[in-house]
Amino acid sequence: MPGTRSARTRWIASVGAVVTAAALLTGAHTAGAAPVPGTGPGAGEAHVVEYFDGPGGTPRHTTVPAEVPASIARHRTSGPAPGGAAVTPVQRTGPVSGRLDLVIMGDGYTAAQQADFHADAQATLDHVFAIEPYASYRGLFNIWLVDAVSAESGVSGDPTAGVVRNTALSSYFFCEETERLLCLDTSKVTAYADRAPASDIVFVIANSAKYGGAGYSFPTPPDGATYHGVATMSSDNPQSYLIGAHELGHSIGNLADEYQYAGFGAYPYPSSESANISVTPELGTSKWYRWLGEQDPTGSVIGTYEGGDYYETGVYRPTSTSLMRTLASTDFNHVGREAMIKGFYTYADALTSTVPTGTRVRPGQPIGVRLAPVTGLSGLKVTWYVDGKQIARATGDTSVTPARLGATRSGQRVTATVTDTTAAVRDPAVRAATSNSLTWRVR
Ligand SMILES: [Zn+2]
């Protein structure tokens, strides 16, 4: 996603979310005053992570040390070094600069178990990409598997806290003495992620049937990495994939958590940067006023439900429940879907061409454009312009010549624009964010 249009804005917003979580833990309420965790390795550094105490259970945040415990970290994998790890493209729908690159690696899989890892990764993908809007927008992703070979099968802390296994990424349950919190060595994740052509988001699948996982958010990628989020989950627990689906809600959609903690009381901030949290209870002025009254995929009618972003009062969410509130729900609400679609297009462009935009094209030269293979909710529409004037008869064409559009003079500009007409987007600003253009000049 290098050079994305609004990634900077989004990650600044995400800093707020992470600092909020950190502030909760220290009792401070001054957003921006707490250090931003997870910006690089080093003694004493910590990551803020989110975990879930059981299938459909209560989500929690905590800080974990960047360093794994010495008893686990001293093991070194006996498999190939990360630099020699095999990479398998699961799907490659476009150039890495125009796609959201998801990297999946396993931990606790021996050399003889790499086929198991591939099967487990595929099953996780099948589950996550059955959820909307991932399902409709899978075509905006490149997906890469990286084989991390472990000396031993399974991960540390499974089934009990004292169990130590020698694995490639040092994954361990009972992180910070929390049974369901599945931590790992992010510097090892980075070493393997670097094997993929690009990595925006990483899933780590631990070879285990024990329920657990963690979501690491990186407002700026850790040292040497390009990814912004790592979600850990176990392979053989049927509910663990929901951890990955939820965590991508944060890292792609910049969505806030829609749950609250008992005893947290009133919302201490004047506003929220997240699309799914509003401090305004009046129905007509909530951020999601365009969706009010709609029946929602999560089962409720969209309104303003009090409680969210960890606080109990003075803050509102769009629906009674959702995947951002509890993993007992397997759907984003309409507001979350719209934010996710905006996030997809922040990383990815639906329009590409094999004709470089920096070169001049002859009037009779064909210009072909390609649309990302999105489906379902999505609807891509191509429009063409000459010197900024729309050529209506060419709408929908994926191959034109400048001459056919009436552009025969040297220096005239031919532009192709694609916009997603999906009904899952109602905010004109989000609609604009789905759009991208390519322009050529006539030779
Ligand atoms: Zn969360």
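We count ligands from 1, going down the list as the structure has it; atoms in each ligand are counted the same way.
For the Zn ion (ligand 1), the nearest N, O or S atom contributed by H250 is named NE2. D257 contributes OD1 as its N, O or S atom closest to the Zn ion (ligand 1).
Between the Zn ion (ligand 1) and H61 there is no N/O/S contact shorter than 2.8 Å. The Zn ion (ligand 1) has no N, O or S atom of E247 under 2.8 Å away, backbone or side chain.
Comment: E179 engages K210 in a salt bridge, judged by a side-chain N to carboxylate O separation of less than 4.0 angstrom. At a threshold of 4.0 Å, the pair K287-E273 does not count as salt-bridged, since none of the basic side-chain nitrogens sits closer than that to a carboxylate oxygen.
Below 30°, between 30° and 60°, or above 60°: for H250 and H246 the angle between ring planes is above 60°, a perpendicular geometry.
At a cut-off of 3.5 Å, with distance as the only test, a side-chain donor of D420 or Y345 sits close to an acceptor on the other residue.
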